[in-house]
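No experiment lies behind these values; they were computed from the predicted model shown. Below, chain A is the first sequence line, B the second, and so on; all start at residue 1.
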Number of protein chains: 2
Amino acid sequence: MRSVANENVTIKDVAKRAGVSPSTVSRVIADHPRISPDTKEKVRSIMAELGYYPNAIARSLVNQTSNSIGLIRSRLTEENFANPFFPAVIQGISSVAHKHRLSLVLSTSKTFEQEDEECLTLLRQRRVDGVILLASHRDDQLIPRLSQDGFPFVLIGRYEGSEEINWVNNDNIADAKQAVAYLLEKGHRQVACLDGDPRYVVSSDRLLGYREAFLARGLQVPEGLVENSEFSVQGGYGATQRLLDRRASFSAIFAVDDLVAIGAMRALQERGVKVGRDVAVVGFNDTILGSCVQPALTSVNVPIYELGQIAVQILTSQIYGSGVYPQHEMLPASLVIRDSA
Amino acid sequence: MRSVANENVTIKDVAKRAGVSPSTVSRVIADHPRISPDTKEKVRSIMAELGYYPNAIARSLVNQTSNSIGLIRSRLTEENFANPFFPAVIQGISSVAHKHRLSLVLSTSKTFEQEDEECLTLLRQRRVDGVILLASHRDDQLIPRLSQDGFPFVLIGRYEGSEEINWVNNDNIADAKQAVAYLLEKGHRQVACLDGDPRYVVSSDRLLGYREAFLARGLQVPEGLVENSEFSVQGGYGATQRLLDRRASFSAIFAVDDLVAIGAMRALQERGVKVGRDVAVVGFNDTILGSCVQPALTSVNVPIYELGQIAVQILTSQIYGSGVYPQHEMLPASLVIRDSA
DNA sequence: TGTTCTTCTGGCAAGGCTTTCATCTAAATT
DNA sequence: AATTTAGATGAAAGCCTTGCCAGAAGAACA
């Protein structure tokens, strides 16, 4: 093991060298008005000379704040990580966190239970001042516990039956409805729906929107055209194969995620079905993947970056500011029409 | 602002309630052998009853370790973030960090300079015990400073002219060489190279490998077939357009990244060139994108997940263990042949 | 039986670094 | 001479860990 070039310069060292007390140095750092310009300058030059940097840990201890926020990914790391949604939302989060000089702590768990535990531990041990939940799922255990314990958090997503928490989201029901309505308008009636993991609220919301699109037009929701899958290419591929295998009749597919839609396209193409001509496909999230495939994927563009940004804004206003509680924000999404539908 | 349900239970509270001293409680937490089983049990039940969780900050202060490591992304956040490389490497990092109970702190900067500063600050302020650098670039300012100051770090990548630091990497030169050799073997001679941002060492390494493949066969490196671009679809698209516009003659393209390769494919297809038949395309990194495009992309599979895992192993052995210094590891990559070449 | 030595348990207090309230001194003002 | 003020200080607080010490009980010994 190597030795750290001991930069263990403390406030005391600076104080001693400058011939003042530690409290004076502290006030110089804070640019306190009661310190004379002379002293300030002197102390600052000593700080520079000695290479002094205030110890964030000690600071946190006395200030009772860690100046960091946790990112609780989504309880199915492996899966969601492959999704370009994740990098995009982190970018948004980063940008605002940086402005507030907040550190970002990532959760590292792989299962729902582990992640719930990790999140609570992060908060209880005061490692983070609050957390951003990147998704909610059915029978979410974590959200009520966070609420009960009064830990600051904000959800990117929707939580069944509670307006009592901070959240930012797009209106998945309405957005899905809009996408399906577009297909109906184009004359499609047998629209299949490739649903995501039903444990996620986002999946069921989009499925709901799919249904509502039919009902709003006075149409019946077609039978047997919903297939569950995971949020992955494999998932969409398998689900579409199942549809095809049981000779379901459909002229369009609405997938709750781009990855799923791409899997569907692959399955279709393998069976010689022309996507866009024989069968229309619509995805969700409008990730970079959609523009990579042939034909380019029609998809619902969700302002992912902004979701991340606003999540941090809400969270910081709760933790450090005096924002009202709770705060909600619903961001608009829009259908991006390309060649697949 | 909401009030945190004050779980401000400290070690003192537990001690008082249990009728012992704080030191005893501390030793119970550490499962110190000097504490009798009876006392341990009693203290533990009180801890559970009061909902006590040790304050990580205080602990860090006394232990002089933050139990967290920083992830310095790569100095061009925006760009690299879009790349599926990033989620994959984070997953690998997470998995090992979790085992060691380390927190992961993400850098949030957007420029090289900002990121260098942020990284140093993270370390100097003792927020993290060490850092993982996700890429190196030419004239890297950060690496020598980290070395000088003796801060523990590990580089995922290569740093020009220094075996003095910890790193884990794939052999980009050899791997690129192998990929291009495959094209040469197939009879291609006019192989174009779409290089990435030349500021990254990884780009120039792969370009080097491209050259070496020719030389190893006693062939001349073709003139005027190298185009610089960014690590993005747009970059590859533009670079290929430039090649086409100046009527460069080539029968194959070697791209230093899948994103770039996909951009190339798009440009080719738009001009009616059949990828895989008229022009072969080979990518790098074998990300999920490669299997999404038509035709499926032949690409160099880099063990990204493992790179992340090993990076953490090396780093922790440096920080907390007594590993030798420095440590290197070169991981093997392999060409995955699909339909584009 | 009385004395000394061990062995167990657990307490005391210092240390880690910064911030801030209450003070204090010396100079300035009234 | 009395009061205010600028400038700086001391000490406590924030929470936990750990080296060292002490008391008690049991063991060994004379």
Side-chain angles (χ1 to χ4, degrees), chain A residues 4 6-44 46-47 50-67 101 121 123-129 320, chain B residues 4 6-44 46-47 50-67 101 121 123-129 320:
Chain A
V4 175
N6 265 319
E7 299 244 17
N8 281 331
V9 182
T10 73
I11 202 169
K12 282 184 194 166
D13 301 325
V14 177
K16 191 176 294 177
R17 180 70 166 270
V20 299
S21 78
S23 40
T24 301
V25 178
S26 176
R27 280 188 246 265
V28 171
I29 295 167
D31 204 16
H32 195 287
R34 289 278 247 234
I35 303 294
S36 72
D38 283 3
T39 310
K40 277 185 185 170
E41 199 191 341
K42 169 148 198 194
V43 170
R44 287 205 182 105
I46 303 266
M47 292 199 305
L50 298 184
Y52 166 75
Y53 293 89
N55 183 316
I57 307 278
R59 216 168 210 189
S60 286
L61 185 61
V62 59
N63 290 337
Q64 300 281 51
T65 165
S66 62
N67 279 306
R101 303 183 165 284
T121 301
L123 288 161
R124 297 198 274 228
Q125 298 189 344
R126 314 274 162 193
R127 274 182 207 277
V128 299
D129 297 334
Y320 311 106
Chain B
V4 175
N6 265 319
E7 299 245 17
N8 281 332
V9 182
T10 74
I11 203 169
K12 281 185 195 164
D13 301 323
V14 177
K16 191 176 293 176
R17 179 71 165 267
V20 298
S21 79
S23 45
T24 301
V25 177
S26 176
R27 281 188 249 261
V28 170
I29 295 167
D31 204 16
H32 196 286
R34 283 291 179 95
I35 303 294
S36 71
D38 282 2
T39 309
K40 277 185 185 171
E41 199 191 341
K42 168 148 195 194
V43 171
R44 287 204 182 106
I46 303 268
M47 291 198 306
L50 297 184
Y52 167 73
Y53 293 88
N55 182 317
I57 307 279
R59 215 168 210 191
S60 286
L61 185 61
V62 58
N63 290 337
Q64 298 281 54
T65 166
S66 62
N67 280 304
R101 301 182 166 281
T121 300
L123 287 161
R124 297 198 275 229
Q125 299 190 344
R126 313 276 162 193
R127 274 182 208 276
V128 300
D129 297 334
Y320 311 107

Take the protein atom [atom1] of [X] and the nucleotide atom [atom2] of [N], then report the distance between them rounded to whole Å.
| X | N | atom1 | atom2 | answer |
| --- | --- | --- | --- | --- |
| R126(B) | dC17(C) | CZ | P | 9 Å |
| I35(A) | dT5(D) | CD1 | P | 18 Å |
| R124(B) | dT18(C) | CZ | P | 15 Å |
| H32(B) | dT9(C) | NE2 | C1' | 11 Å |

Under 4.0 Å protein heavy-atom contact, by nucleotide of nucleotides 11-21 of chain D - B base, S sugar-phosphate only: ---BBBBBB--
Inter- and intrachain pairs under salt bridge (Lys or Arg N to Asp or Glu O under 4.0 Å), touching residues 23-37 of chain B, at least two apart: D31(B)-K40(B), D31(B)-R44(B)
Where at least one partner belongs to residues 12-22 of chain A, residue pairs that pass salt bridge (Lys or Arg N to Asp or Glu O under 4.0 Å), sequence neighbours excluded: R17(A)-E49(A)
Heavy-atom pair with the smallest gap, counting every atom of S66(A) and S60(A): CA-OG, 3.6 Å
Chi angles and distances behind the side-chain contact (heavy atoms from CB on, under 4.5 Å) call for I29(B), Y52(B): CA-CA 11 Å; I29(B) 295 167; Y52(B) 167 73; 3.7 Å; yes
Pair S23(B), S26(B): side-chain N/O donor-acceptor within cut-off below 3.5 Å: no
Inter-end axis angle, the helix from dT1(C)-dA30(D) to dT30(C)-dA1(D), with every axis fitted to five base pairs (rounded, 10 degrees): 60°
Set of side-chain contact (heavy atoms from CB on, under 4.5 Å) partners for T65(A), sequence neighbours left out: N63(A), N67(A), D129(A), Y320(A)
Residues forming a side-chain contact (heavy atoms from CB on, under 4.5 Å) with N55(B), sequence neighbours excluded: R126(A), I57(B), A58(B)
Steps toward side-chain contact (heavy atoms from CB on, under 4.5 Å) verdict (R127(A), T121(A)): CA-CA 8 Å; R127(A) 274 182 207 277; T121(A) 301; 5.7 Å; no
Sugar-phosphate, base or nothing in reach of S60(A), heavy atoms under 4.0 Å: nothing
OP1 or OP2 of dA6(D) under 4.0 Å from side-chain N/O of S36(A): no
